[in-house]
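Please read the structure below before turning to the comments.
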Amino acid sequence: MSKEITARSEDYSQWYNDLVLKGGLADYSAVKGCMVIKPYGFGLWEGMRDVLDKKFKDTGHQNAYFPLFIPKSFLSKEAAHIEGFAKECAVVTHYRLKNDPNGGGVIVDPEAKLEEELIVRPTSETIIWNTYKSWIQSHRDLPLLINQWANVVRWEMRTRLFLRTAEFLWQEGHTAHATAQEAVAETRQMLDVYADFAENWMAMPVIKGVKTPNERFAGAVDTYCIEALMQDGKALQAGTSHFLGQNFAKAFDVQFTNKENKLEYVWATSWGVSTRLIGALVMAHSDDDGLILPPRIAPLQVVIVPIYKNEEQKARIDEKVNALVAELKQAGIRVKYDDADHARPGWKFAEYELKGVPVRIALGARDLENNVAEVARRDNKTKESLSLDGLTGAIQLLLEDIQQNMYNKAKTYRDEHITPVDTWEEFVATLDGKAGFVAAHWDGTPETEEAIKEKTKATIRCIPLNNPQSPGQCILTGKPSKERVLFARAY
RNA sequence: CGGGAUGUAGCGUAGUCCGGUCAUCGCGCCUGGUUUGGGACCAGGAGGUCGCAAGUUCGAAUCUUGCCAUCCCGACCA
């Protein structure tokens with residue numbers, strides 16, 4: 001083994017790092033807290049982006065682009081918003097460099113100080129609502145449904161590849177509506193879009209829910225989320241959708257004239273997912289041999305490896321494979337024929353397993369004689385010989401089966417890790433033991449939530465939508481509770 | 001931002017305590033050949049400002065100081 005991967009059981013964090021680095025998804029960079037996304041990792045993001053972008057367009061949204069820089073004064077217009085982000089903002093103070101007169105290279109020119117400092121966007125609500133003010137006058141201008149694909153910067157103290165970096169890529173939708181009901185419906189619709197994407201493309205089951213006030217987005221009335229469970233039993237927020245009420249409309253004075261010719265503040269939403277999804281994907285499915293990517297998102301779905309003893313055999317295999325590749329591509333399958341001569345088949349097998357390619361086809365002289373190919377699937381590491389006749393159809397079915405199997409496996413794990421508990425002892429024991437989500441009663445106060453967090457490091461991940469109402473007693477205070485909420489330790 | 005650890009060739013490492021032919025070994029890389037059904041073998045070869053910068057010294061990978069980056073644990077967060 002030339003590329004050792006740390007076992008999950010040995011060191012989960014190191015396992016994750018190994019997969020990301022050795023799987024070729026990303027590299028560390030020369031800049032603290034920032035990462036380089038390598039082509040294979042970016043390919044994953046492109047796949048996610050393409051699917052999501054189509055879903056956004058299909059639900060009536062348009063893409064636009066707003067500035068990277070936000071005047072400092074904008075950020076402070078919404079009190080809760082600045083409160084939430086102030087501690088992690090990068091600030092641009094100067095606009096010019098000059099040669100150090102003392103010969104120390106280049107320095108910031110003290111003459112070139114900005115009159116108003118600029119904040120590198122940690123999110124774009126403020127610059128967007130400042131803009132919307134000039135775009136919205138009448139109810140006929142509504143709804144305004146905009147999305148942007150962008151990078152944002154949050155100066156994080158502790159970073160982890162994909163999961164938390166100072167700069168990350170995301171999309172942020174920002175919509176304006178005439179009524180609260182319409183804005184709430186939009187918030188919920190986009191949450192559904194995210195959940196559908198996570199489950200049907202990423203094969204990652206998620207729980208849709210609403211955040212408690214403690215966990216709410218800075219400036220939102222309600223924050224909805226999708227929560228996923230990683231293999232170490234920690235939860236990960238995979239996407240959020242916020243109902244912003246009229247908070248930003250009021251902060252930026254965005255009013256419209258309604259049908260009755262009266263001025264009203266507009267109602268807002270924002271929603272986003274980020275490159276963090278790549279981290280979620282890695283941790284949800286992969287094993288100690290490497291990545292396991294769901295076919296619908298995998299940059300490469302099928303890899304074909306030739307096995308030959310001489311040029312004559314190679315030529316015959318080439319001929320067969322070239323026809324197969326054409327057919328697979330015709331069927332819309334992302335396929336690569338790896339006939340590089342410098343690596344032997346065994347090396348390639350291990351390499352593509354590390355990279356999580358869902359299906360590997362090996363084709364040798366012996367197979368040609370029998371008119372078969374050896375087809376190996378990455379998700380459960382089984383192999384079988386399939387006839388070369390109709391192989392494309394079989395591969396299509398196999399890819400679908402892998403996608404479904406990965407989802408089922410993740411869902412079984414997730415479902416087995418939602419544990420209802422009724423006492424504090426059980427609660428602590430479950431968190432420390434099997435981990436995962438713990439469904440417990442809570443008295444509904446931020447103080448109790450905070451106390452539980454301090455004692456156990458577990459937070460309320462969400463109150464699931466359509467949560468069954470069942471009276472009980474708060475696990476910490478014993479006060480009455482009308483429903484269970486989901487606790488977990490989280491990324 | 002606090003605590004701990006690390007940084008020597010693309011990767012992993014020996015050497016650091018006790019300064020002086022010490023820049024070691026494996027993988028990878030290049031050339032040629034033999035190979036090819038689970039990370040091949042032989043022969044030859046290239047590659048390093050020892051994280052960066054000052055300092056101590058006749059002499060620094062090794063000692064001192066500062067800085068940078070990464071990992072782990074905490075506080076904060078998507």
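Throughout, protein chains are lettered first and strands after them, A, B, ... in sequence-line order, and every chain is numbered starting at 1.
Ring orientation note: the planes of A/W201 and A/F197 are close to parallel, at an angle under 30° on the 30°/60° scale. Aromatic ring pairs are classed by plane angle as parallel below 30°, tilted from 30° to 60° and perpendicular above 60°; the pair A/Y194 and A/F56 is perpendicular.
Contact annotation for A/T165: base contact, defined as any heavy-atom pair under 4.0 Å involving a base atom. Residue contacts shown for A/Q237 are limited to sugar-phosphate atoms, with no base heavy atom under 4.0 Å away. The residue A/L236 sits apart from the nucleic acid: no heavy atom pair falls under 4.0 Å. Within 4.0 Å of A/F217, counting heavy atoms only, lies no atom of the nucleic acid at all. When heavy atoms are screened at a 4.0 angstrom cut-off, A/A238 is found touching no nucleic acid atom at all. Backbone-only engagement by A/N17 is indicated by non-hydrogen atom pairs under 4.0 Å involving sugar-phosphate atoms exclusively. Within the nucleic acid shown, A/G279 has no heavy atom closer than 4.0 Å to any nucleic acid atom.
In this structure, of B/rG39, B/rU36, B/rG38, it is B/rU36 that holds the atom nearest to the side chain of A/D341. Here B/rU36 is the nucleotide among B/rC73, B/rC1, B/rU36 with the atom lying nearest to any side-chain atom of A/K309. In this structure, the nucleotide among B/rA78, B/rC72, B/rU36 sitting nearest to the side chain of A/I307 is B/rU36. Closest to the side chain of A/E374, out of B/rG74, B/rC76, B/rG37, is B/rG37. In this structure, the nucleotide among B/rG38, B/rA78, B/rC73 sitting nearest to the side chain of A/R158 is B/rC73. Distance from the side chain of A/S13 is smallest to B/rC72 among B/rG38, B/rA78, B/rC72. Side-chain atoms of A/E351 lie closest to B/rG39 of the nucleotides B/rA78, B/rG39, B/rU36. Here the nucleotide nearest the side chain of A/A362, chosen from B/rA75, B/rC77, B/rG37, is B/rG37.
Here, B/rC17 and B/rA60 have their P atoms 15 Å apart, quoted to the whole Å. Nucleotides B/rG59 and B/rU21 are separated by 14 Å at their C1' atoms, to the nearest Å. Nucleotides B/rG47 and B/rG10 have their P atoms positioned 12 Å apart, rounded to a whole Å. Comparing B/rA78 with B/rU62, their C1' atoms sit 44 Å apart, to the nearest whole Å. Using C1' as the reference atom, B/rA75 and B/rG19 are 42 Å apart when rounded to the nearest Å. The gap from the P atom of B/rC22 to that of B/rC30 amounts to 32 Å, rounded to the nearest Å. Comparing the C1' positions of B/rC50 and B/rA14 gives an interatomic distance of 12 Å, to the nearest angstrom. For the C1' atom pair drawn from B/rA9 and B/rG26, the interatomic distance equals 13 Å after rounding to whole Å.
Rounded to whole Å, atom P of B/rC77 lies 13 Å from atom CZ of A/R276. With rounding to whole Å, A/F349 atom CZ is found 8 Å from B/rG37 atom P. Atom P of nucleotide B/rU6 and atom CD of A/Q14 are separated by 15 Å, given to the nearest angstrom. Following rounding to the nearest Å, A/Y491 (OH) and B/rC72 (C1') show an atom-to-atom distance of 13 Å. Following rounding to the nearest Å, A/D27 (CG) and B/rU70 (P) show an atom-to-atom distance of 12 Å. Between the P atom of B/rG38 and the CZ atom of A/R360 lies a distance of 10 Å, rounded to the nearest Å. Between A/L161 atom CG and B/rC72 atom P there is a gap of 9 Å when expressed in whole angstrom units. Distance A/R164 CZ to B/rC71 P: 13 Å, rounded to the nearest Å.
In this structure, A/Y132 has its ring center at least 6.0 angstrom away from the ring center of A/H174. A ring-centre distance under 6.0 Å is not found for A/W129 and A/H81.
Summarising the base pairing, B/rA43 is matched to B/rU31 through a Watson-Crick or G-U wobble pair whose two defining distances lie under 3.5 Å. Taking a pair to require two hydrogen-bonding distances under 3.5 Å in either a Watson-Crick or a G-U wobble arrangement, B/rC67 pairs with B/rG51. Nucleotide B/rG74 is matched to B/rC1 when pairs are restricted to Watson-Crick or G-U wobble geometry with both distances under 3.5 angstrom. B/rG38 is unpaired under the Watson-Crick or G-U wobble criterion, no partner having all donor-acceptor distances under 3.5 Å. Of the nucleotides present, none pairs with B/rA23 by Watson-Crick or G-U wobble criteria with both distances under 3.5 Å.
Heavy-atom contacts from other residues, nucleotides or ligands closer than 6.0 Å to NZ of A/K455 number 12 or fewer.
Across the interface with RNA chain B, nearest-nucleotide mapping of A/L163 and A/C34 shows A/C34 to be the residue nearer the 5′ end. For the pair A/Y352 and A/E88, nearest-nucleotide mapping onto RNA chain B gives the more 5' position to A/Y352.
Under 4.0 angstrom from either OP1 or OP2 of B/rA78 there lies no side-chain N or O belonging to A/R160. For B/rA40, the OP1/OP2 oxygens have a side-chain nitrogen or oxygen of A/R344 closer than 4.0 Å. Of the side-chain N and O atoms in A/N310, none sit less than 4.0 angstrom from OP1 or OP2 of B/rU35. Here A/Y28 reaches the OP1 or OP2 of B/rC71: one of its side-chain N or O atoms lies under 4.0 Å away. Put simply, A/S274 has no side-chain N or O that comes within less than 4.0 Å of OP1 or OP2 on B/rA78.
Remark: A/E227 pairs with A/K211, A/R461 by the salt bridge (charged side-chain N to carboxylate O under 4.0 Å, His left out) rule, at least two apart or across chains.
Once rounded to the nearest 0.5 Å, the distance linking CD1 of A/I70 with CZ of A/F85 reads 10.0 Å.
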Report task. Decide yes or no on side-chain hydrogen bond (donor to acceptor under 3.5 Å, both in side chains) for A/Q171 and A/R49, but give the supporting numbers first. Result -> CA-CA 9 Å; A/Q171 57 71 214; A/R49 204 181 56 187; over 6 Å; no
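A/E449 and A/T459 are not linked by any side-chain donor-acceptor pair at a separation below 3.5 angstrom, with hydrogens and angles left out of the test.
The base of B/rG38 sits with one of its N or O atoms less than 3.5 Å from a complementary donor or acceptor on the side chain of A/K383.
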